[in-house]
Q: 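Sharing a structure, written as structure tokens. Questions coming.
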Amino acid sequence: QVQLIESGGGLVQAGGSLRLSCAASGRTFSGYIMGWFRPAPGKEREFVAAISRSGGSTYYADSVKGRFTISRDNAKNTVILQMNSLKPEDTADYYCAASLRLVAFTTTQNPDYWGQGTQVTVSS
């Protein structure tokens with residue numbers, strides 16, 4: 001069992017930055033691929049970013065590539081989403097997720113665990 005708790009959301013002006021954190025419980029954190037999702041109009045969810053178990057590989061949606069950076073610290077059971085150059089269209093609730101399979105982030109298959117979400121609002 002893995003519990004995920006997000007933090008770091010808030011209100012920021014366009015062009016600003018926010019740093020989201022996801023703290024995971026359990027001793028098997030390093031065994032999971034970690035990532036972030038947000039809701040999207042007309043879709044169940046939109047993939048934002050994911051990171052491999054070791055942190056050696058990262059994956060990004062085209063909409064955030066070059067602006068967002070995902071990282072993880074397996075010693076601290078934490079995954080970070082650094083969001084720079086934020087745009088009003090980035091406004092959403094951001095959900096941390098954990099999965100044993102990368103396809104859970106790249107297809108409609110569901111991750112194994114979800115956090116409760118943290119709200120990000122970007123004003124124009």
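In what follows, residues are counted from 1 in the order of the sequence shown.
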Q: Look only at the side chain of Arg38 and the backbone of Tyr94, and say whether a donor-acceptor pair between them is shorter than 3.5 Å.
A: no

Q: Of the non-hydrogen atoms in Val79 and Ser71, which two are nearest, and what is the gap between them?
A: CG2-O, 3.1 Å

Q: Just verifying a value: how many Å separate Thr121 OG1 and Gln13 CD, rounded to the nearest 0.5 Å?
A: 13.0 Å

Q: Do Asp90 and Arg67 come within less than 4.5 Å of each other through their side chains, counting heavy atoms only?
A: yes

Q: What distance do Ile80 atom CD1 and Asp73 atom CG have between them, rounded to the nearest 0.5 Å?
A: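 Nearest 0.5 Å value for the CD1-CG distance: 8.5 Å.
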
Q: Return yes when atom CZ of Arg101 has more than 12 non-hydrogen atoms of other residues, nucleotides or ligands closer than 6.0 Å, and no otherwise.
A: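 Counting other residues, nucleotides and ligands, CZ of Arg101 exceeds 12 neighbours.
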
Q: Quick one: does Glu6's side chain have a donor or acceptor within less than 3.5 Å of a partner on Gln116's backbone?
A: yes

Q: Which atom pair, heavy atoms only, marks the closest approach of Leu4 to Ala24?
A: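 Taking Leu4 first and Ala24 second, the nearest heavy atoms are CD2-CB, 3.6 Å.
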
Q: Without swapping roles, check the side chain of Asn74 against the backbone of Arg53 for a donor-acceptor pair under 3.5 Å.
A: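 Judged by distance alone, yes, a pair lies under 3.5 Å.
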
Q: Tell me, yes or no, whether the heavy-atom count around Gln3 atom CD, taken from other residues, nucleotides or ligands under 6.0 Å, exceeds 12.
A: no

Q: Hydrophobic clustering (ILVMFWY, side-chain heavy atoms < 4.5 Å, transitive) - are Phe37 and Val120 grouped together?
A: no

Q: Could you go step by step and tell me if Trp36 and Phe68 meet the side-chain contact (heavy atoms from CB on, under 4.5 Å) rule?
A: CA-CA 11 Å; Trp36 294 86; Phe68 291 10; over 6 Å; no

Q: Considering only heavy atoms from C-beta outward, does the side chain of Met83 approach that of Val64 to under 4.5 Å?
A: no

Q: Between Tyr32 and Asp112, does a side-chain contact (heavy atoms from CB on, under 4.5 Å) hold up when you go through it step by step?
A: CA-CA 9 Å; Tyr32 287 88; Asp112 299 296; 4.3 Å; yes

Q: Less than 4.5 Å apart, any side-chain heavy atom of Gln109 and any of Ser99?
A: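 Side-chain contact under 4.5 Å: no.
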
Q: Looking only at non-hydrogen atoms, find the nearest pair between Ala14 and Pro88 and report the distance.
A: CB-CD, 4.1 Å

Q: Can you tell if the side chain of Tyr113 reaches within under 4.5 Å of the side chain of Gln1, non-hydrogen atoms only?
A: yes

Q: Please name the residue in the list Thr118, Leu20, Ile51 that meets the side chain to side chain contact (heavy atoms under 4.5 Å, CB included) test with Leu81.
A: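 Result for side chain to side chain contact (heavy atoms under 4.5 Å, CB included) with Leu81: Leu20.
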
Q: Would you say that Thr28 contacts Val2 through its side chain, given a criterion of any heavy-atom pair below 4.5 Å between the two side chains?
A: yes

Q: Calculate, to the nearest 0.5 Å, the distance between atoms OG and CZ belonging to Ser30 and Arg72 respectively.
A: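 Reported value, rounded in 0.5 Å steps: 7.0 Å.
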
Q: For a 4.5 angstrom cut-off between non-hydrogen side-chain atoms, does Ile70 reach Tyr60?
A: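 In contact.
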
Q: Establish whether Ile33 and Tyr95 are linked, either directly or via other cluster members, by ILVMFWY side-chain heavy-atom contacts under 4.5 Å.
A: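 Yes, Ile33 and Tyr95 fall within the same hydrophobic cluster.
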
Q: Are side-chain heavy atoms of Val122 and Lys87 found at a separation under 4.5 Å?
A: no

Q: Please report the interatomic distance OG(Ser52) to CE(Met34), rounded to the nearest 0.5 Å.
A: 12.0 Å

